[in-house]
Amino acid sequence: MSVDELYRPGLEGIPAAKSSISFIDGKQGILEYRGIRIEELAEKSSFLETAYLLIWGELPSNQELKDFEHDIRYHRRIKYRIRDMMKCFPESGHPMDSLQASAAALGLFYSKRALDDPIYIRNAVVRLLAKIPTMVAAFQLMRKGNDPVQPCDDLDYAANFLYMLSEREPDELAARVFDVCLTLHAEHSMNASTFSAMVTASTLTDPYAVIASAVGTLGGPLHGGANEEVIEMLETIGSPENAAAYVDDCVVKKKKIMGFGHRVYKVKDPRATILQELAEQLFDKFGGDRYYDIAVELERHVENRLGGKGIYANVDFYSGLVYRKLGIPTDLFTPLFAIARVAGWLAHWKEQLEENRIFRPTQIYVGERERVYTHLFER
Ligand code: CMC
């Protein structure tokens with residue numbers, strides 16, 4: 001076989017694990033977590049119940065869910081030393097960088113590593129799910145010169161996060177919509193950040209390092225960072241009438257249109273459909289968003305021009321519009337993705353540990369061989 005036949009850039013199509021966490025049918029637009037359709041979970045479940053399902057493989061009993069929610073609620077606070085560390089971060093820094101550093105720092109406080117102990121695993125799951133939202137909210141307030149808001153024990157997971165951002169108890173619909181957003185972003189099989197988490201996990205390092213490495217990978221504009229760029233793009237387009245010309249220009253210049261295309265989906269991402277509905281529910285209650293009209297028009301033109309190549313709206317296209325309506329600043333969109341995806345990363349971490357083999361792929365060396373070293377004075 002030739003090098004070109006052997007080599008698959010981006011590992012496209014290469015199975016790197018066996019997994020029973022999520023299933024995607026990219027041709028039919030189907031996504032299932034542990035066999036349950038995403039549409040059903042979005043309608044009937046909650047983020048924490050879904051996280052439990054992803055991590056432990058089964059829906060929790062009533063008591064199991066109560067205990068899980070209780071434990072997470074009471075581990076939401078972060079240590080003052082973590083807050084102090086975060087205070088030293090430059091306020092101009094990106095919240096994803098703050099999150100990556102803070103997630104890694106958790107490992108300093110919980111350094112015992114007992115990867116074969118189910119209690120250690122559960123505690124790490126609870127701590128990470130509980131503390132990551134608090135760290136995101138704390139950085140948001142501190143970079144504006146304010147003290148972080150303590151978590152509110154009376155509020156559930158999603159409502160508490162919105163409360164920590166604004167210090168106001170959120171509207172019920174807003175909290176429910178945010179909770180559904182978390183469910184939709186919780187897991188998505190072998191994407192770049194999950195792969196990154198699994199590679200890190202396979203070395204048997206601690207779970208905080210696993211999550212920190214995944215956060216770093218999620219931040220790029222080809223992955224989780226795309227939802228921020230969608231809003232910037234809608235701003236640039238400016239009005240629905242400009243959408244067609246924008247698409248034409250991108251096609252001619254071979255420029256990627258943010259929020260479209262997917263390695264696996266060749267139809268509209270099922271999560272984009274649900275997010276679009278959620279955005280509309282918010283607009284009905286709180287008033288519209290002029291960017292939405294641009295988005296709908298843009299989607300129509302992209303489908304006309306690029307639908308034949310299997311390029312349709314992905315999860316990042318409508319999520320930013322939902323978050324805007326919830327009053328969330330654009331550079332927090334990717335951290336919100338991370339808050340949700342912690343569930344999926346932890347599920348893969350746990351699965352990886354159950355049948356671990358360190359990741360050590362190979363490479364095709366294409367460089368020179370047997371060269372002679374020349375001394376500095378000869379160069
Ligand atoms: N706009 C215009 N053309 C596109 C787009 C797009 N968004 N996405 C893919 N294409 C074209 C690409 O130019 C190429 O065309 P050709 O065959 O003529 O050279 C073809 O489709 C295949 O593209 P690719 O980049 O090789 O596909 P990929 O599977 O490597 O990339 C992707 C998938 C998501 C990185 C890519 O579609 C993209 O960059 N999209 C924009 C960024 C984005 O929205 N990212 C969020 C992804 S979903 C959430 C997540 O994973 O975090």
Side-chain angles (χ1 to χ4, degrees), residues 1-17 81-82 84-111 113 115 135 139 142-143 190-226 228-229 232-233 249-250 252-258 261 263 331 334-335 337-338 341 345 348-349 352-353 356-379:
M1 251 202 242
S2 71
V3 166
D4 285 341
E5 280 168 329
L6 273 173
Y7 172 49
R8 304 290 283 272
L11 296 181
E12 182 166 358
I14 307 283
R81 286 191 188 185
I82 294 225
D84 285 355
M85 177 191 82
M86 291 168 76
K87 271 186 199 147
C88 301
F89 294 167
E91 57 273 13
S92 57
H94 196 284
M96 279 300 271
D97 295 328
S98 158
L99 181 59
Q100 187 183 20
S102 321
L106 280 180
L108 291 161
F109 294 93
Y110 310 105
S111 57
R113 195 185 309 145
L115 299 175
M135 297 194 297
F139 181 67
M142 286 194 285
R143 70 176 166 162
M190 187 64 77
N191 52 79
S193 58
T194 299
F195 185 48
S196 173
M198 288 168 65
V199 171
T200 310
S202 80
T203 69
L204 302 184
T205 186
D206 70 74
Y208 308 99
V210 169
I211 297 304
S213 79
V215 170
T217 310
L218 183 69
L222 297 187
H223 194 4
E228 291 181 31
E229 305 222 354
E232 280 164 30
M233 174 182 71
D249 189 54
C250 289
V252 170
K253 294 184 178 145
K254 286 193 161 289
K255 210 175 122 207
K256 294 273 176 68
I257 305 167
M258 288 293 130
R263 177 63 64 80
D331 65 357
T334 319
F337 193 156
R341 190 53 62 83
W345 294 329
H348 285 274
W349 167 60
Q352 179 68 30
L353 292 181
N356 188 53
R357 185 141 196 246
I358 189 168
F359 277 98
R360 184 30 173 120
T362 185
Q363 62 167 22
I364 299 166
Y365 179 69
V366 294
E368 293 177 60
R369 297 273 333 272
E370 305 286 353
R371 295 179 69 194
V372 178
Y373 176 82
T374 47
H375 285 284
L376 191 54
F377 60 81
E378 290 175 307
R379 277 177 255 149

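Note that the structure is predicted; figures quoted are calculated from it, not measured. The figures here come from the full heavy-atom set of this structure, side chains too, leaving out hydrogens, waters and symmetry mates.
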- Query: With respect to F195, which candidate in T200, T217, L11 satisfies the side-chain contact (heavy atoms from CB on, under 4.5 Å) definition?
  - Reply: L11
- Item | Reported CG-to-CD1 distance for the pair L106 and I82, which is rounded to 0.5 angstrom | 4.5 Å
- Query: Do H94 and E228 have side-chain N/O donor and acceptor atoms under 3.5 Å apart?
  - Reply: yes
- Message: Check R81 with D84, please: is the shortest side-chain N to carboxylate O separation under 4.0 Å?
- Response: no
- Message: A side-chain contact here means heavy atoms from C-beta on lying under 4.5 Å apart; do L218 and V215 qualify?
- Response: no
- Task: Kindly compute the distance separating CE (M96) from OG1 (T334), expressed to the nearest 0.5 Å.
- Result: 5.5 Å
- Over all heavy atoms of both residues, which pair between M258 and P221 is shortest? Give the atoms and the distance, please. SD-O, 4.0 Å
- Query: Can any side-chain N or O of R8 pair as donor or acceptor with the backbone N or O of G13 at less than 3.5 Å?
  - Reply: no
- Is any side-chain heavy atom of S202 closer than 4.5 Å to a side-chain heavy atom of R360? no
- Query: Taking atom OG1 of T362 and atom OH of Y7, what is their separation to the nearest 0.5 Å?
  - Reply: 12.5 Å
- Item | R369, CZ atom: more than 12 neighbouring heavy atoms under 6.0 Å | no
- Item | Side chain proximity check, W345 to V210, heavy atoms < 4.5 angstrom | no
- Query: Is there a donor-acceptor contact under 3.5 Å linking the side chains of S193 and H223?
  - Reply: yes
- Message: Restricting to non-hydrogen atoms, name the atom on M86 and the atom on S98 that form the minimum distance, rounded to 0.1 Å.
- Response: CE-OG, 3.9 Å
- Item | Side-chain donor or acceptor of Y110 paired with backbone N/O of R113 under 3.5 Å | no
- Task: Dump the intermediate steps for side chain to side chain contact (heavy atoms under 4.5 Å, CB included) on D331 and R143, then the final yes or no.
- Result: CA-CA 12 Å; D331 65 357; R143 70 176 166 162; 2.7 Å; yes
- Note on the structure: When rounded to the nearest 0.5 Å, the distance separating CD of E91 from CZ of F139 is 8.0 Å
- Message: For M233 versus I257, what's the shortest heavy-atom pair and its separation?
- Response: SD-CG2, 3.7 Å
- Note on the structure: When rounded to the nearest 0.5 Å, the distance separating CG of L108 from CE of M85 is 8.0 Å
- Query: Would you call S102 and F89 a side-chain contact if the rule is heavy atoms closer than 4.5 Å?
  - Reply: yes
- Query: Would a 4.5 Å heavy-atom cut-off, applied to side chains only, mark R341 and N191 as touching?
  - Reply: yes
- Task: Report yes if some heavy atom in the side chain of F359 is under 4.5 Å from a heavy atom in the side chain of Q352; otherwise report no.
- Result: yes
- Item | I358 side chain near L204 side chain, heavy-atom distance below 4.5 Å | no
- Please check if the distance between the ring centroids of Y208 and F109 is under 6.0 Å. no
- Message: Can you classify the ring geometry of H375 versus Y373 as parallel (below 30°), tilted (30 to 60°) or perpendicular (above 60°)?
- Response: perpendicular
- Query: Mind checking whether M190 and M198 have side chains closer than 4.5 Å, heavy atoms only?
  - Reply: yes
